[in-house]
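One structure is given below, encoded as structure tokens.
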Amino acid sequence: VLVVSDLISKSAVPTVKPQQFLESPARDFILNLECDYRYMKIGYYVSLYAETLQDPVIPTCNNILDAYRTPVLLLRAKKKGIPTPPFVLTNSTKEIIYELGFPLVVFPSNPFSSDGYRIVYSQGGLYKALKSFGINYNYPVCAEALLGEVRSVKCIFGEVNHPDAADIGLKFYEEFGIPICKLYIQTMGKECFLCSVSPLKTVEIHRKDIQRIKEKLKELAQTIG
Amino acid sequence: LVKIACYVESYNFSDPREMQALLKFKKTAEKMNHEFDFLWKQNLGDIPHYNSLFIRATTDPLYTAYIVSKIGWENGLKVLDTPHSIKVCSNKIHMYRLLERNNIPLIPTMILTKEQLHHRFIEEAFKKLGCPLVVKAPYTSFSKYVEKVRCETSFRNVCKRFFRKSDIVVLQKFVPTLFDWRVGVLNEEILYVCRYVMPKGKWKHGMKLRGKSKFIWGRTTSISRYAAPEKLKEVALKACKAIGNNDLFGVDIKEVDGHYYVVEVNDNPSIYSGYEDAKDKDIYQKIIEALTD
């Protein structure tokens, strides 16, 4: 296993920086550890490079693309048995109101708003959300039924910092293999629903998270050893 | 009866030749006793009600067309363009790496990351590829985001602009030709062959006039697929195979001294009435057949 990462320089497993990896003819199992895997960012290109060398890699380009596009994420998550709220992909307010009613939580599906959501209680609020997240109605939005409280949790190798979302975190990691990200969830009592995924900003990664990552790599090294 | 959804956006109807082509698709499908509906952003929830999905809006993993293709694919529809083709062809880095690995004849190409943008690398690039050279953003389409540079200053300026969206860009040898071949391929068969002629005094098929915002395009001349050079067709088919699966592709090829070099493989190739279909009139029927097979 070769770890490619800008986050950690030393670990129990051989580790290289992304630039070093992109210049090497590496043939290995690649574990791509970055905060940001968005399309055309270096995290994405590391996986792309590994795939074109036919090296097994975590995460794959397919999974990266799907996880960050909310409607595709929800579709695949539902198939996997991860609880998801009912959702509609459209730029029509009429259809959203007809299908879901109020209250709602709206996520962007355009490529420029990578983080954030809006809770909507009225038609006026919905128009505003569609205008801003849809960039003047040019892009559809992903409107989801608001079932409980919306919150974001860190997800590192499937482990999340919220006890009720533990199962969602593990299943999400099994399905999409994104090692580091932020999950948006809705919690309703003990019930939890997956809503969206976004990259974790570098400032959101704390020392204890790095420690967790290193421990995971140590476990991995022992398994291989 | 097969229900076909054709995903379009309003700009697909702004050029009368493209609009005519879309209407020809509809007419052909209906003649073959299939249902053909245009699908818009407002009614994406209807995708699972169809059997096949044909994407005509511009594709890119960042655009809605990718989500539409993926939703169709996940729901088991027959899809043209598949999410795989969009993923590979919309990103020139991905495409060139696959073509290179499969020994497809290519114009000499290098890849530049943000970290490599320094004097030594730039000097090496000019040495290897010659001067001027071409800088391409990975997301280039319709001749946009492809620029010719002659010195380090313009090299840096263009790269910095392209690096805003992508952490890697492509560098290519500048190979001027009077026209590029465009070979349309559908499921490993040649569909049509055209020449995309460069406008007079220009080096790209589509270019902005200096100081103006309007794009000008060169002529498109079509030749029968049976009359096209065998070697050209062979290179086009090999390039599509390298991308990896059956789909609808438009392969751009440069001919230099009787040799053929792939410039790029496009998913979702443009089909304009009177251009791509000028000689091979059956392209609509063949595409509908592929969607209903």
Side-chain angles (χ1 to χ4, degrees), chain A residues 6 17-23 34 36 38-54 60-62 64-66 68-76 78-79 87-96 98-99 109-112 114 130 134 137-143, chain B residues 7 9-11 39-48 60-76 82-84 86-88 90-102 111-116 121 137-139 162-169 242 244:
Chain A
D6 255 337
K17 297 270 175 204
Q19 182 62 42
Q20 210 180 334
F21 172 69
L22 293 173
E23 288 171 14
E34 289 293 327
D36 191 354
R38 276 175 304 161
Y39 181 58
M40 293 199 287
K41 298 293 169 201
I42 206 75
Y44 179 80
Y45 282 121
V46 166
S47 288
L48 186 155
Y49 186 78
E51 277 184 14
T52 53
L53 284 172
Q54 290 192 317
T60 63
C61 291
N62 259 345
I64 292 172
L65 290 177
D66 292 358
Y68 288 157
R69 305 309 297 268
T70 305
V72 182
L73 164 88
L74 296 181
L75 200 68
R76 278 185 58 185
K78 200 175 168 188
K79 272 190 184 174
F87 75 96
V88 185
L89 174 69
T90 182
N91 65 351
S92 151
T93 45
K94 261 187 196 169
E95 193 173 339
I96 295 172
Y98 176 76
E99 293 284 338
S109 82
N110 77 68
F112 311 103
S114 61
L130 253 85
Y137 310 101
N138 279 319
Y139 288 88
V141 298
C142 187
Chain B
Y7 178 64
E9 298 211 16
S10 50
Y11 56 76
L39 184 79
W40 304 81
K41 264 177 277 190
Q42 290 84 341
N43 45 359
L44 297 180
D46 295 341
I47 296 173
D60 187 291
L62 293 177
Y63 296 165
T64 309
Y66 177 77
I67 299 180
V68 172
S69 169
K70 193 75 199 188
I71 291 176
W73 185 261
E74 289 288 334
N75 278 293
T82 59
H84 174 82
I86 298 176
K87 179 186 75 180
V88 176
S90 299
N91 190 307
K92 306 303 166 209
I93 312 282
H94 203 159
M95 188 190 70
Y96 287 128
R97 287 197 59 85
L98 283 182
L99 294 177
E100 232 169 39
R101 213 169 55 86
N102 286 280
I111 277 165
L112 174 80
T113 63
K114 261 184 188 171
E115 283 185 33
Q116 287 170 322
F121 190 92
Y139 46 88
F162 292 169
F163 279 143
R164 278 183 214 149
K165 255 176 102 175
S166 172
D167 285 351
I168 303 188
V169 297

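The structure presented is a predicted model; accordingly, all values stated were derived computationally and were not measured. First the proteins, then the strands, lettered A, B, ... as listed; each starts at 1.
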Any idea which of [options] has the most non-hydrogen atom pairs under 4.5 angstrom with chain B?
options: A:L48, A:L75, A:L89; result: A:L48
options: A:K41, A:E51, A:R76, A:K94; result: A:K41
options: A:Y49, A:Y68, A:Y137; result: A:Y49
options: A:N62, A:L53, A:V88; result: A:N62

*Tell me, for B:S90 versus chain A, whether the close heavy atoms (under 4.5 Å) come from the side chain, the backbone, both or neither.*
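B:S90 touches chain A through backbone and side-chain heavy atoms alike.
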*Is there side-chain contact between B:Y63 and A:Y139, with at least one heavy-atom pair below 4.5 Å?*
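In short, these two side chains touch, coming nearer than 4.5 Å.
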First locate atom [atom1] of [X], then atom [atom2] of [Y], and finally report the distance between them rounded to the nearest 0.5 Å.
X: A:F87; Y: A:T70; atom1: CZ; atom2: OG1; result: 9.5 Å
X: A:S109; Y: B:L62; atom1: OG; atom2: CG; result: 11.0 Å
X: A:D6; Y: A:Q19; atom1: CG; atom2: CD; result: 10.0 Å
X: A:I42; Y: A:K17; atom1: CD1; atom2: NZ; result: 12.5 Å

*B:K87 to B:Y66, cation-pi by 6.0 Å centre distance and 45° axis angle*: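 Pair B:K87/B:Y66 does not count as cation-pi.
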Per-residue contact mode, [X] against chain B (heavy atom under 4.5 angstrom):
X: A:E99; answer: neither
X: A:K79; answer: side chain
X: A:P71; answer: side chain

Which one, [options], leads in non-hydrogen pairs under 4.5 Å with chain A?
options: B:Q116, B:H84, B:K114; value: B:Q116
options: B:E115, B:E100, B:E9; value: B:E115
options: B:I67, B:T64, B:I111, B:N43; value: B:I67

*B:K92 backbone acceptor or donor facing B:R97 side chain under 3.5 Å*: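 Not a single qualifying donor-acceptor pair exists.
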*Indicate whether any N or O donor in one side chain lies under 3.5 Å from an N or O acceptor in the other, for A:S92 and A:Y98.*
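No, because no side-chain N or O of A:S92 sits under 3.5 Å from a partner of the opposite role on A:Y98.
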